[in-house]
Asks: 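The structure's right below; bear with me while I get my questions together.
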Protein chains: 2
Amino acid sequence: MVTITARGTSAHSNERGDAYDPKCPTRHVLDRIGDKWTVLVVGSLRGGPLRFTQLRLAVGGVAPKVLTQTLRALERDGLLTRTVFAEVPPRVEYELTELGQTLQTPIAAIRDWAELHMSQVVEARARYDDEI
Amino acid sequence: MVTITARGTSAHSNERGDAYDPKCPTRHVLDRIGDKWTVLVVGSLRGGPLRFTQLRLAVGGVAPKVLTQTLRALERDGLLTRTVFAEVPPRVEYELTELGQTLQTPIAAIRDWAELHMSQVVEARARYDDEI
DNA sequence: GTTGTTAGTACCCGCTGGTTACCGTGAGAC
DNA sequence: GTCTCACGGTAACCAGCGGGTACTAACAAC
C-alpha cells in the first residue's frame with residue numbers, strides 16, 4: 001500500500017497531501033477535478049490535441065465562456081497546453097501535458113463507473129422520488 | 001445483470017452510457033461525482049457509518065446546509081442510507097450502500113492522484129501566475 | 001428552571017455558472 | 001470593391017446556488 005513518510009506540518013511541498021485537511025492545497029486540486037467539465041475535457045483530449053470548437057462539440061453542451069474558464073484553469077494547473085497559431089481564422093490547440101496524461105487513468109475510472117452504474121443510480125432516484 | 005430496454009434518442013448503444021452525450025443520464029451521475037463534497041463524504045464513510053456531526057468534522061469546512069444537501073443527493077442516488085434513531089438528542093447515521101462501496105475505488109484513485117500530484121499542480125500554478 | 005446535546009432549517013448574501021449577442025481578421029465568392 | 005463566412009473567444013446580463021450564521025425542537029441531567 002502507500003506508506004507515508006512524514007506528513008506533520010505539511011510545510012514542504014514534496015510530501016503527500018491530505019485531502020481531508022481544509023488547509024491542504026490538495027483541496028484545491030480536488031476542486032479542479034470536482035469541476036463539472038474537467039472530467040469531460042480531459043477525457044476528450046485523451047486522443048490528442050483538439051481545437052476550441054472541436055472541444056466544444058466533443059464535450060457537448062458547454063457554453064463557450066465556461067469552456068474558456070475550464071481550459072484556462074487546466075492550463076494554469078499545468079494539465080494542458082494552449083498553442084495559438086497566427087492564422088486567420090484563428091487556430092488554437094489544446095493538448096494534455098505529461099501531468100495531464102497521468103490524470104487520464106483516475107478520470108477514466110470515474111467515467112467508467114458512471115457509465116456502468118448509471119442505470120442503478122437512475123433506478124435509485126426513481127425509487128426515492130416515488131417514496132416522497 | 002443490467003439490461004436497459006430503450007434509451008430514447010441515441011441509438012441504443014447497448015447498456016453502457018455515454019458520458020459525452022449531454023442527453024445521457026450518465027452526465028447527471030458525473031455531476032454528482034463532480035460535486036465538490038461528494039468525494040470527501042464518500043471517502044469519509046469508507047470505514048463505516050458516521051453521524052452527521054462526525055461527518056462534518058471528518059470532511060472539514062463544510063457548512064451544515066451544504067452537507068445536508070450533499071447527503072440527501074447521495075441518498076437519492078442510492079449511494080448511502082440515512083438511518084434516524086428515535087432518540088433525544090437525535091441520532092442519524094449515514095452509511096454507504098453496496099453501490100456506494102463500488103464508488104470507493106474510483107474515488108480513492110482521484111484522491112490519491114490529488115494527494116500525489118498536489119505539489120506539481122501548485123508549482124504549475126505559481127509559474128503560471130508569475131508569467132502574468 | 002437551566003443547561004447541554006444533536007441534526008438539521010431559515011435567512012441572507014455574493015459568486016459563478018449559463019445564455020446570448022457580438023467582435024476582429026483575413027480568405028474566398030461574386 | 002464588398003459580402004459573407006470561419007474561428008476563438010469576450011461583453012453584458014441574469015438566475016440560482018453555494019456558503020455563512022443564527023436559530024429551532026426535544027428531552028435528559030442537574
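No experiment lies behind these values; they were computed from the predicted model shown. The sequence lines fix the lettering, A, B, ..., with proteins before strands; numbering per chain opens at 1.
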Asks: A:Glu87 has an atom CD; how far is it from atom P of C:dA27, in whole Å?
Replies: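 Rounding to the nearest Å, CD of A:Glu87 and P of C:dA27 are 11 Å apart.
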Asks: With a non-hydrogen cut-off below 4.0 angstrom, is B:Gln69 in contact with a base, only sugar-phosphate, or nothing?
Replies: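 The answer is sugar-phosphate, as B:Gln69 gets under 4.0 Å only of primed atoms, P, OP1 or OP2.
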Asks: Would you say C:dA7 has OP1 or OP2 under 4.0 Å from some side-chain N or O of B:Thr53?
Replies: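 Yes.
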Asks: Using whole Å, what does the distance between atom C1' of nucleotide D:dG19 and atom CG of A:Asp31 come to?
Replies: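 The answer, rounded to whole Å, is 13 Å.
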Asks: Report, as yes or no, whether the 6.0 Å neighbourhood of atom CD on B:Glu98 holds more than 12 heavy atoms from other residues, nucleotides or ligands.
Replies: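 No.
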Asks: When you measure from the side chain of B:Lys65, which nucleotide among C:dG18, C:dT9, D:dG19 comes out closest?
Replies: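 Minimum distance to the B:Lys65 side chain belongs to D:dG19.
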Asks: If you look at every heavy atom in B:Val42 and B:Gly100, which pair is closest and at what distance?
Replies: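 Heavy atoms of B:Val42 and B:Gly100 come nearest at CG1-O, 4.3 Å.
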Asks: At their closest point, which heavy atom of B:Tyr94 faces which heavy atom of B:Leu45, and how far apart are they?
Replies: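 So the two residues come closest at O-CD2, 3.4 Å.
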Asks: Of the non-hydrogen atoms in B:Ala19 and A:Glu115, which two are nearest, and what is the gap between them?
Replies: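 The pair with the smallest heavy-atom distance is N-OE2, 3.0 Å.
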Asks: Categorize B:Lys36 for me: base, sugar-phosphate, or nothing, with a 4.0 angstrom heavy-atom threshold over every strand shown.
Replies: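 Contact class for B:Lys36: sugar-phosphate only.
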Asks: With the side chain of A:Phe52 defined as its heavy atoms from C-beta on, choose the nearest nucleotide among D:dG8, D:dC7, D:dT10.
Replies: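 Looking only at heavy atoms from C-beta outward on A:Phe52, the closest nucleotide is D:dG8.
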Asks: From the options C:dT19, D:dC7, C:dA7, select the nucleotide whose nearest atom is closest to the side chain of B:Val92.
Replies: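 Looking only at side-chain atoms, B:Val92 lies closest to C:dA7.
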Asks: Of the options C:dT6, D:dG9, C:dA7, whose atoms approach the side-chain atoms of B:Arg82 most closely?
Replies: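 For B:Arg82, the side-chain atoms sit closest to C:dA7.
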Asks: Could you tell me the separation between the CZ atom of A:Arg32 and the C1' atom of C:dG17, rounded to a whole number of Å?
Replies: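 So the two atoms are 14 Å apart, to the nearest Å.
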Asks: If you check every side-chain atom of B:Val88, which of C:dT19, D:dC27, C:dG8 has the closest atom?
Replies: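 For B:Val88, the side-chain atoms sit closest to D:dC27.
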Asks: Nearest whole Å is fine: how far is C:dT16 P from A:Arg72 CZ?
Replies: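 Atom CZ in A:Arg72 sits about 17 Å away from atom P in C:dT16.
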Asks: Identify the heavy atoms of A:Pro106 and B:Ile110 that sit nearest to each other, and give their distance.
Replies: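 Distance-wise, the nearest heavy atoms are CB-CD1, 3.8 Å.
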Asks: Between atom CG in A:Leu57 and atom C1' in D:dG8, what is the gap in whole Å?
Replies: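 That distance rounds to 13 Å.
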Asks: Distance check needed: D:dC7 P versus A:Leu67 CG, whole Å only.
Replies: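 In whole Å, D:dC7 P lies 15 Å from A:Leu67 CG.
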Asks: When we call it a touch if two heavy atoms are under 4.0 Å apart, what does A:Arg56 touch: a base, just sugar-phosphate, or nothing?
Replies: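 No contact at all - A:Arg56 keeps every heavy atom at 4.0 Å or more from the nucleic acid.
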Asks: With a 4.0 Å limit, can you tell me whether B:Trp37 has a side-chain N or O closer than that to the phosphate oxygens OP1/OP2 of D:dG18?
Replies: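 No, B:Trp37 has no side-chain N/O under 4.0 Å of OP1/OP2 on D:dG18.
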Asks: Regarding A:Tyr94, tell me which of base, sugar-phosphate or nothing describes its non-hydrogen contacts under 4.0 Å with the strands shown.
Replies: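 Touches sugar-phosphate only.
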Asks: Let me know the distance between CZ of A:Phe85 and P of C:dA27, rounded to the nearest Å.
Replies: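 Going from A:Phe85 (CZ) to C:dA27 (P), I get 18 Å.
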Asks: Under 4.0 Å: is that the gap between some side-chain N or O of A:Arg91 and OP1 or OP2 of D:dG9?
Replies: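 Checking A:Arg91 against D:dG9: no side-chain N or O falls below 4.0 Å of OP1 or OP2.
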Asks: Nearest-nucleotide wise, let me know which of A:Leu71 and B:Val66 is further upstream toward the 5' end of DNA chain D.
Replies: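 That would be A:Leu71.
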